[in-house]
Amino acid sequence: MIRIYLWFLYCIAPIKGDFLSVLPGFKKFKDCIEPSEDTCPNKNITFHLYTRNTTDYELTEDQDNLLNAPFILNASIKLLIHGYTGDQNYSPNTELRPAYLKYQNLNVISVDYKSLVRPPCYVQGVHNVPLVGKCTASILSTLFNVRKDIKKEQLHVIGFSLGAQVASHVGRLMNSTLKRITGLDPASPLFNPGFVGNDVLDKSDALFVDVLHTNAGMKGKYLPLGHVDFYANNGALQPGCGKNTSCCHVRAVEYFTESIESQTKFLALKCFSYSLFKITSLCNVSKTSPLVEMGEHVNENDRGIYFFMTKSKPPYALGTDIYGTNSTE
């Protein structure tokens, strides 16, 4: 019923501007939160630093707090943003945070805005996305101003589902100067230019935007959004998930997590569509169209739309097996 409702809104209510508060059902659920003020810091949005040596140091915009924050210097900062119904200990944090800390002694910041996206408050969650983006950009700007030993170039923002749309706001509010934003199956329902203006993740939000699609046209966006877009399998339904859209949706996190340390790579081929990708004579591996790597170690010079296949169970990556070649970028 919720899917029908959202699809109905998507099709017949393309009204620009902040109209979400007047949608049917916006006031229906008493436990849904709309912050009375859109100011930052905000008690509903918290930030948590993790390293190999530190577990859950809560970051605030207080200068002493940031000066004393135990960041690993000269190391990457991975900022993880959860989606609807999530929190700091929910996907993508539960998969990506331990994988990153195992891979390197780097910094992981988990954004937690759980009270703003609790079920069944999806409409309010969408309404709250700009505020989460605003407060995230605010603390990051303060951090880089206070800590001269931490550079913005070290930051990589990774958002899953609704979190990918939060990431777009962070990027814009930081004047599109972030080095990289990764969108893991960016949320689709109510994210359409007809609804919320230019509030959908796109390639103008950072110097490099890579997007992974695993439930396209359902919980995730269908159209390409970034400098490079990867469609797993057909981009919509994932092997081993059947028609379970939640399973397909979270596979974006699982594939990306595996890419951090896996010796077998997720290799993708440039193609206009999945149908053409399956007709191998039309989309071939060649010197002018090599296989490219999806995931953490993507080449930031890559551009275009790419498709790749996976196994139905982990480890998911197939490497060059399905291409019958060792040719990679």
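Just so you know, residue 1 is the first one in the sequence shown, and it goes up from there.
Using bins of under 30°, 30° to 60° and over 60° for the plane-to-plane angle, the ring pair Tyr84/Tyr122 lands in the perpendicular bin. Note on ring orientation: taking the six-membered ring where Trp is involved, the planes of Phe266 and Tyr255 are tilted (angle from 30° to 60°).
You'll find the side chain of Leu131 reaches within 4.5 Å of the side chain of Pro35, heavy atoms only.
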With a cut-off of 3.5 Å and sequence neighbours excluded, list every side-chain donor-acceptor pair involving residues 66-77.
from, atom 1, to, atom 2, distance (Å)
Asn68, ND2, Asp64, O, 3.0

For residues 113-121, tabulate all N or O donor-acceptor pairs below 3.5 Å that involve a side-chain atom, not counting sequence neighbours.
from, atom 1, to, atom 2, distance (Å)
Tyr113, OH, His82, O, 2.5
Lys114, NZ, Asp112, OD2, 3.3
Ser115, OG, Asn44, OD1, 3.1
Arg118, NH1, Asp31, O, 3.0

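Not a single donor-acceptor pair under 3.5 Å links the side chain of Ser262 to the backbone N or O of Ser259.
Residue Lys134 places its NZ atom among more than 12 non-hydrogen atoms of other residues, nucleotides or ligands, all under 6.0 Å distant.
Not counting sequence neighbours, the partners of Thr94 by the side chain to side chain contact (heavy atoms under 4.5 Å, CB included) test are Ser91. Here Cys135 pairs with Cys40 under the disulfide bond (SG atoms under 2.5 Å apart) rule; sequence neighbours left out. Residues forming a side-chain hydrogen bond (donor to acceptor under 3.5 Å, both in side chains) with Lys311 (at least two apart in sequence, or on another chain): none. Residues passing the salt bridge (charged side-chain N to carboxylate O under 4.0 Å, His left out) test with Lys78, sequence neighbours excluded: Glu296.
Asn89 and Arg97 share a side-chain donor-acceptor pair at under 3.5 Å. Ser138 and Glu61 are linked by a side-chain donor-acceptor pair at a separation below 3.5 angstrom, with hydrogens and angles left out of the test.
As summarised for Cys241 and Cys248, their two SG atoms remain at a distance no smaller than 2.5 angstrom, missing the threshold.
Rounding to the nearest 0.5 Å places CZ of Arg52 at 8.0 Å from CD of Gln104. We find the OG1-CG distance between Thr51 and Asn107 to be 6.5 Å, quoted to the nearest 0.5 Å.
Hydrophobic cluster membership is shared by Ile260 and Val250, with clusters built from Ile, Leu, Val, Met, Phe, Trp and Tyr side chains linked at under 4.5 angstrom. Tracing side-chain contacts under 4.5 Å through hydrophobic residues (I, L, V, M, F, W, Y), one never reaches Leu155 starting from Leu173; they form parts of separate clusters.
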